[in-house]
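Reminder, nothing fancy here: chain letters follow the sequence lines and each chain counts from 1. Values reported hereafter were calculated over all heavy atoms of this structure, with side chains retained and with hydrogens, waters and symmetry mates removed.
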Number of protein chains: 2
Amino acid sequence: MIYEEPVTVPFFLGTKTGALSLATLVNVMLLGSEHQLDQLGAGIAALSQFGAGWVITQYHLDVTRMPRVEEPLTVGTEASAYNKLMTYREYWVKDASGNTLATMSGAWVMMDLTTRKLIPIIEAFAEKVQAVKTTKVRRYPRLPKLTEWQRQVPYRVRYFDIDGNGHVNNTHYFEWLEDALGAEFLDAHRLASVDIKYAREVAYGSTVQSAVTVAGLTTHHQISTGADVNAEAMLTWREA
Amino acid sequence: MIYEEPVTVPFFLGTKTGALSLATLVNVMLLGSEHQLDQLGAGIAALSQFGAGWVITQYHLDVTRMPRVEEPLTVGTEASAYNKLMTYREYWVKDASGNTLATMSGAWVMMDLTTRKLIPIIEAFAEKVQAVKTTKVRRYPRLPKLTEWQRQVPYRVRYFDIDGNGHVNNTHYFEWLEDALGAEFLDAHRLASVDIKYAREVAYGSTVQSAVTVAGLTTHHQISTGADVNAEAMLTWREA
């Protein structure tokens, strides 16, 4: 079941060029799915009555052109398929002429809110969004294992990084990934693709290390807290 | 000339209770004035053709009830008066029933973008928004001078704190003010009023100290970089 809605991103969420940051792009895509789930009674509130919550495990994202603030956009989403443990959801952003500016695919699991352990997908929720049941497990690109990093930048988790679930919202990781690249790199490049794999939640009050290694137009990233890896990512770029 | 527009703040800008942060509240209020100025040809782009830019010097803000994300709101603004050096602008947010949730008053000056010095208000711009010329200088509440602080928290200025003018947007200061109070205080209190006085720009790459002293339901704040004070503020609160 496809859901689309018009969105205009306010100017105050723009970068210095008036484009969206990666974090805002993902936030805007997720806005569509939040609204679809709420309308179908399958949102965070409904799921929490079953003692369960959605947890993202992996995103793959492609950017043709980064959307701009104050630009009329359409965001769309569809829960395309699910298997025993995963629900796959597609997201897209189009401009006023119908050109697709960015697409994203996400693999979501369900967690028991009390034990914090994964549980099988509650089928009633997958059915509400007319996701197709499959036995297939989707393969996302593998991330190379790096052991050395060119740079590490610390980020203290702030109060407003915590969302309504009491967790660091998964989109804040994108701010840590991008910011650690620094102004010189970010001014000279435009984002082309993202692969991110989430491993472990980050708690309020902790300080994460955002490690980065630049290899030409590919950047490798790791978010960690002490010895724990919270997320790994690989981004590709175009020259600006 | 009064300008109003409907706004709904997307869920991803909500705090953990689903309310707006102070920074988002001010951003939403400023959205109305940006749109008014753009429609009248008096916005940032038009003013920059005169080699000039708007600079905020002071805000006073009162909150009756903090707006919530996904709530239908109306934001309004009016450039109420100007004198030789200052333009005064009012801002407000109403809920769907027309109740005023928050009001703000701001004192803006004009800066020569090359010399970075203050210049007299260019009257053509004040006239475009039908501001009333006055010789009166508005008095904002004085902020007490504190010399000792209970706590100081460092914040490194991030790439995405820089706006289209190449500066740290003035609303980011509010994140540093509020976050430095910590979760225990912020969970237990609701914002009632804000007075902030801006003194000096913050540059990308610098680390500011956000100093705070809590005195009952009043909190005193200072944002500084080395020996330079960038802003001073006083916030008042209600028990949550």
Given A:L13, A:V7, A:V28, A:L186, the one with more heavy-atom pairs under 4.5 angstrom with chain B than any other is A:L186
Greatest number of non-hydrogen atom pairs under 4.5 angstrom with chain B, of A:A183, A:P154, A:P10, falls to A:A183
Pairs table: donor-acceptor atoms between chain A and chain B closer than 3.5 Å:
from	atom 1	to	atom 2	distance (Å)
A:H35	NE2	B:E70	OE1	2.7
A:H35	NE2	B:E70	OE2	3.2
A:E70	OE1	B:H35	NE2	2.7
A:E70	OE2	B:H35	NE2	3.3
A:P154	O	B:R156	NH1	3.4
A:P154	O	B:R156	NH2	3.2
A:R156	NH1	B:P154	O	3.4
A:R156	NH2	B:P154	O	3.2
A:Y159	N	B:D179	OD1	2.7
A:Y159	OH	B:D187	OD1	2.6
A:D179	OD1	B:Y159	N	2.7
A:A183	N	B:Y204	OH	3.1
A:D187	OD1	B:Y159	OH	2.6
A:Y204	OH	B:A183	N	3.1

Query raised in the report: Between A:L61 and A:L25, is a side-chain contact (heavy atoms from CB on, under 4.5 Å) present by the stated rule, with each step listed?
Result: CA-CA 10 Å; A:L61 188 147; A:L25 174 62; 4.0 Å; yes
Next item on the list: For side-chain contact (heavy atoms from CB on, under 4.5 Å), just list the numbers for A:V63 and A:L101, CA-CA rounded to whole Å, side-chain angles, deciding distance to a tenth of an Å, and then say yes or no.
Entry: CA-CA 6 Å; A:V63 182; A:L101 305 185; over 6 Å; no
Do [X] and [Y] come within less than 4.5 Å of each other through their side chains, counting heavy atoms only?
X: A:L31; Y: A:V75; value: no
X: B:L30; Y: A:F12; value: no
X: B:M104; Y: B:V93; value: no

CG of B:L22 to CG of B:L235, rounded to nearest 0.5 Å, is 6.5 Å
What one should report as the nearest heavy-atom pair of B:I56 and B:G106 is CD1-CA, 4.2 Å
